[in-house]
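Take a look at the structure set out below.
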Number of protein chains: 2
Amino acid sequence: MFEQLFKSINERVALTEEEKELCKTFYTFRRLRKRQFLLQEGDVCKYNAFVEKGLLRSYTVDDKGNEHIIQFAAEGWWISDLYSFLTGVTSVYNIEALEDCELLLLTKSASDELLARLPKFESYQRILLQGAYIAMQRRIHASLNQTAEEKYLNIIDIYPDIIQRVPQHMVASYLGLTPETLSRVRKQLILPK
Amino acid sequence: MFEQLFKSINERVALTEEEKELCKTFYTFRRLRKRQFLLQEGDVCKYNAFVEKGLLRSYTVDDKGNEHIIQFAAEGWWISDLYSFLTGVTSVYNIEALEDCELLLLTKSASDELLARLPKFESYQRILLQGAYIAMQRRIHASLNQTAEEKYLNIIDIYPDIIQRVPQHMVASYLGLTPETLSRVRKQLILPK
DNA sequence: AAATCTGATTGATGTAAATCAATGACTCAT
DNA sequence: ATGAGTCATTGATTTACATCAATCAGATTT
């Protein structure tokens with residue numbers, strides 16, 4: 001039940017058994033069936049969620065009704081609307097299960113207390129955020145400067161597993177492309193063999 | 001000399017005078033004249049730099065010779081290639097002073113030691129990174145889903161000060177637009193009054 | 001003051017990707 | 001098996017922005 005979480009933590013900081021036990025007490029477990037929502041726009045994001053099992057997406061819907069995927073999160077990843085979670089302001093994001101999920105949830109108060117009680121958790125979070133920040137910077141660079149084809153080749157390279165588990169039009173949405181464009185890009189990539 | 005830094009830290013965590021004094025010992029001061037570089041691509045990023053005064057940019061140069069601006073940093077901001085800084089891998093970024101600058105530099109070892117010695121610095125860094133991550137997520141959302149005009153209105157809204165201090169073609173580069181396109185966008189925005 | 005840079009503007013043209021629209025393949029529920 | 005829903009593909013057309021090229025305005029240098 002905490003396998004993925006402690007794997008994630010252990011890759012970054014070393015916890016004693018005692019600290020692990022303490023850590024456990026702050027989380028609540030939740031199952032989410034495919035197509036259920038962890039967060040819907042207009043609500044405040046109450047949880048920072050760690051994915052033990054399954055796959056989720058966060059996305060926004062624009063005025064034309066188009067969905068824009070911000071993030072995918074599979075096993076070992078965290079997902080939330082960090083801004084809403086930290087400030088208590090209502091969210092513009094939706095977080096939806098794309099597969100049946102098992103999640104470990106931290107409320108804001110649990111998170112604050114855990115940070116205060118367990119300095120190593122603070123380190124863990126900082127290190128996680130560093131990685132996330134670096135990944136984000138790369139994604140921006142890609143979105144600003146790469147062609148549709150380059151973006152697709154790039155994501156295959158970085159998240160090959162996600163591509164396999166997610167419908168193609170969601171990959172397109174994540175890349176900021178239309179499904180039609182991604183379909184044509186793939187066709188071009190297969191032909192010139 | 002440390003005004004901006006302690007202002008930045010104090011907005012996030014409370015340091016005692018003693019802690020401030022400890023903190024100071026880890027930084028080295030450096031002036032940088034306009035057009036000088038803090039980092040050039042191919043070098044390892046040796047410093048995480050806090051801007052006390054002045055303005056810098058980080059950017060990459062693509063194979064066609066076009067520059068792509070990743071980040072601006074004015075007073076109160078940090079700038080580095082975090083990936084290169086943390087891993088020691090050579091950087092693909094350039095960091096250049098756009099105005100005469102006064103910087104406070106942390107080497108990797110100074111940073112590590114400061115984190116170990118002063119838990120509040122760890123908190124400070126985590127909180128900073130949270131904000132940076134949220135800002136990055138917004139920027140991605142904008143770059144994927146907004147028109148040139150929306151992007152420009154957006155940046156005026158978020159960084160009005162930066163726009164004033166930076167040549168227009170650099171704003172264009174930051175937004176992923178050509179200078180010509182930005183010029184036309186601005187024209188359109190002024191006309192329909 | 002003339003000469004050189006640097007940055008912004010404007011016009012003509014090209015193009016990658018979006019949009020609109022139809023068809024096909026697959027799964028799922030009845 | 002039949003119809004409904006979801007997803008991918010393909011074609012025709014449009015469009016937002018890039019590219020190419022020239023001119024212009026202010027700074028900066030000599």
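Proteins come first, then strands; the chains are lettered A, B, ... in the order of their sequence lines, and each starts at number 1.
- Side chain of B:Ser173 to backbone of B:Glu67: a donor-acceptor contact under 3.5 angstrom is found.
- Residue B:Gln168 places no side-chain N or O under 4.0 Å from the OP1 or OP2 atom of C:dT6.
- The NE2-C1' distance, from A:His169 to C:dA25, rounds to 16 Å in whole Å.
- For DNA chain D, the span of nucleotides reached by chain A at under 4.0 Å from its heavy atoms goes, 5' to 3', from D:dC7 to D:dA12.
- One can place CG of B:Leu144 at 15 Å from C1' of C:dA18, the figure rounded to the nearest angstrom.
- Taking atom CZ on A:Arg35 and atom P on C:dC28, their separation rounds to 10 Å, with Å as the unit.
- In this structure, the nucleotide among C:dT10, C:dT19, C:dG7 sitting nearest to the side chain of B:Ser183 is C:dT10.
- Both cation-pi conditions hold for B:Lys20 and B:Phe6: the charged atom is under 6.0 angstrom from the six-membered ring centre and inside a 45 degree cone around its axis.
- Within the 4.5 Å cutoff, the side chain of A:Thr60 has no heavy atoms near those of the A:Glu41 side chain.
- In this pair, A:Trp78 and A:Tyr27 present their aromatic rings tilted. The plane angle is within the 30 to 60° band.
- Within the 4.5 Å cutoff, side-chain heavy atoms of B:Tyr174 are placed close to those of B:Phe72.
- The CG atom of A:Leu177 sits 8 Å away from the C1' atom of C:dA17 (whole-angstrom rounding).
- Comment: B:Asp100 does not engage B:Lys34 in a salt bridge, judged by the lack of any side-chain N to carboxylate O separation of less than 4.0 angstrom.
- Contacts of A:Leu182 with the nucleic acid, taken as non-hydrogen atoms under 4.0 Å apart, are absent.
- Whole-Å rounding puts the A:Arg184 CZ to C:dT15 P distance at 18 Å.
- Summary of the strand contacts: A:Gly176 and B:Val166 both lie near DNA chain C, and taking for each the nucleotide with the nearest heavy atom, the more 5' one is attributed to B:Val166.
- A:Thr181 has a side-chain polar atom (N or O) that falls below the 4.0 Å cut-off from OP1 or OP2 of C:dA18.
- The distance between atom CD of A:Glu180 and atom P of C:dA18, rounded to the nearest whole Å, is 8 Å.
- Under a 3.5 Å cut-off, the side chain of B:Glu96 and the backbone N or O of B:Leu38 do not form any donor-acceptor pair.
- Between C:dT10 and B:Lys187, a contact under 4.0 Å exists linking OP1 or OP2 to a side-chain N or O.
- Rounded to whole angstrom, the span from the NZ atom of B:Lys64 across to the P atom of C:dT15 amounts to 13 Å.
- Following rounding to the nearest Å, A:Leu175 (CG) and C:dA17 (P) show an atom-to-atom distance of 12 Å.
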